[in-house]
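In each ligand, atom 1 is the first atom listed, and ligand 1 is the first ligand listed. Computed from a predicted structure; not experimentally measured.
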Amino acid sequence: MKLLPFASLLALAAASPAERRQSSDAFTLNIRWSNSPLSGPLNANGGSFWTGKPTSSYCPDNIPQCKTVNATSFVVQDDRVLLNAVVPGGQQVYVSPQGQLTYTPPHSAYIPTGSLTSLASWSAASGASFLNPFLTFWLCNTDAAHPDAWSVWLEYTNGTTGAITNNGSNGSNACTRIALEAKPYQGDAAWEFA
Ligand SMILES: *[C@@H]1O[C@H](CO)[C@@H](O)[C@H](O)[C@H]1NC(C)=O
Ligand SMILES: *[C@@H]1O[C@H](CO)[C@@H](O)[C@H](O)[C@H]1NC(C)=O
Ligand SMILES: *[C@@H]1O[C@H](CO)[C@@H](O)[C@H](O)[C@H]1NC(C)=O
Ligand SMILES: *[C@@H]1O[C@H](CO)[C@@H](O)[C@H](O)[C@H]1NC(C)=O
């Protein structure tokens with residue numbers, strides 16, 4: 001039997017009374033409630049989201065007046081979170097079957113089976129807006145070559161054993177719980193994130 005570790009989360013997220021954001025409202029996602037000195041916005045880099053690595057955006061040579069954008073921003077469409085990218089087809093944010101917060105590369109809509117794509121629900125506390133309070137977000141320093149770089153992982157429940165796993169943790173690296181707060185972004189959209 002093939003297990004879909006996020007099936008129960010999917011049902012929960014879909015059942016939640018999502019507070020909808022306008023698709024025109026771009027925002028950054030910022031580290032909050034970390035029991036660590038980590039703070040600031042998440043940066044898209046190499047298919048996942050980081051603090052301690054810069055935003056990796058790209059302007060193809062054949063796009064006239066393409067603006068270099070070094071901030072990672074997002075928009076919402078229905079229950080989906082997308083990168084604020086101009087590239088045709090867009091770039092979607094999802095949670096991989098391994099539990100890592102991930103985005104589709106330019107010119108590809110491929111998302112593996114077992115991924116969680118229904119991410120956009122919000123909890124508003126004291127005027128702040130937190131991404132999907134039904135999910136448990138972690139930052140883990142998963143890149144041995146960059147000890148100060150941390151990427152975003154989510155816990156999932158093993159459908160067979162009920163064990164709660166954070167696959168960003170390998171038993172000897174560090175992980176810290178976070179929440180992600182949306183803050184309005186007024187800058188330019190990137191052409192694409194690489
Ligand atoms: C982003 O780009 C602006 C304008 O080129 C520059 O002033 C700023 O230092 C850059 N920020 C980062 C984090 O690279
Ligand atoms: C969790 O990580 C380990 C080691 O990288 C990997 O072997 C395993 O397949 C991962 N589990 C899932 C559910 O992706
Ligand atoms: C766990 O991850 C850290 C950071 O990437 C790495 O330095 C360490 O060697 C890894 N340990 C194991 C047991 O895989
Ligand atoms: C769930 O746990 C079982 C038993 O430890 C393991 O064999 C299986 O790979 C796990 N499944 C996932 C999706 O992590």
Side-chain angles (χ1 to χ4, degrees), residues 1-16 18 28-58 70-72 74 79-83 91-105 108-121 130-181 193-194:
M1 190 182 111
K2 198 166 189 316
L3 293 176
L4 303 181
F6 281 102
S8 54
L9 283 176
L10 264 171
L12 186 55
S16 69
T28 56
L29 284 174
N30 296 267
I31 297 160
R32 290 289 307 278
W33 298 344
S34 167
N35 184 21
S36 79
L38 301 171
S39 65
L42 293 182
N43 295 320
N45 186 312
S48 45
F49 293 95
W50 298 83
T51 181
K53 285 189 184 181
T55 292
S56 174
S57 63
Y58 181 66
N70 58 14
T72 298
F74 304 82
D79 60 354
R80 302 184 308 159
V81 176
L82 307 175
L83 284 167
Q91 293 186 263
Q92 187 170 349
V93 179
Y94 64 96
V95 180
S96 76
Q98 288 74 35
Q100 189 166 28
L101 194 65
T102 305
Y103 58 94
T104 57
S108 168
Y110 173 71
I111 294 178
T113 304
S115 299
L116 175 64
T117 55
S118 175
L119 289 178
S121 69
F130 293 96
L131 178 64
N132 210 318
F134 299 102
L135 301 177
T136 305
F137 294 95
W138 295 84
L139 280 173
C140 297
N141 66 337
T142 44
D143 186 341
H146 297 94
D148 297 330
W150 302 65
S151 61
V152 179
W153 293 81
L154 284 88
E155 279 180 357
Y156 67 90
T157 303
N158 183 309
T160 311
T161 63
I164 294 174
T165 303
N166 169 7
N167 220 38
S169 168
N170 69 6
S172 51
N173 64 341
C175 293
T176 183
R177 275 283 301 274
I178 53 164
L180 291 171
E181 182 183 359
F193 293 90

*Atoms of ligand 4 less than 4.0 Å from Tyr156 heavy atoms?*
14 (O)
_Shortest non-hydrogen contact between Tyr103 and Ala194, atoms and distance_ = OH-O, 2.6 Å
*Hey, is atom 11 (N) of ligand 3 touched by any protein heavy atom at less than 4.0 Å?*
yes
*Could you tell me the separation between the OG1 atom of Thr102 and the CZ atom of Phe49, rounded to the nearest 0.5 Å?*
8.0 Å
*Going by atom types alone, do Ser36 and Ser34 pair a side-chain donor with an acceptor below 3.5 Å?*
yes
*Under 4.0 Å to a heavy atom of Asn170 - the qualifying atoms of ligand 3, by number*: 1 (C), 2 (O), 3 (C), 8 (C), 10 (C), 11 (N), 12 (C), 14 (O)
*Between Ser96 (side chain) and Gln98 (backbone), is there a donor-acceptor pair under 3.5 Å?*
yes
*Heavy atom under 4.0 Å from ligand 4: found in Thr160's side chain, backbone, both, or neither?*
neither
_CG on Asn141 to CG on Asn170, rounded to 0.5 Å_ = 8.5 Å
*For Asp143, atoms of ligand 3 separated by under 4.0 Å from a heavy atom*: 5 (O)
*Mark up the atoms of ligand 4 that fall under 4.0 Å of a heavy atom belonging to Thr161, in ascending order.*
2 (O), 4 (C)
_Those atoms of ligand 3 less than 4.0 Å from some heavy atom in Thr142_ = 5 (O)
_Sub-4.0 Å atoms of ligand 3 with respect to non-hydrogen atoms of Ala144_ = 5 (O), 7 (O)
*Return the residue, atom name and 0.1 Å-rounded distance of the protein heavy atom closest to atom 4 (C) of ligand 3.*
Asn141 O, 3.2 Å
*Would you mind telling me which of Asn43, Asp143, Asp148 makes a side chain to side chain donor-acceptor pair (under 3.5 Å) with Lys53?*
Asp143
*What closest approach, in Å, do Asn45 and Trp50 show between heavy atoms, and which atom pair accounts for it?*
O-NE1, 3.2 Å
_Ser172 versus ligand 3: do any nitrogen or oxygen atoms come within less than 3.5 Å of each other?_
yes
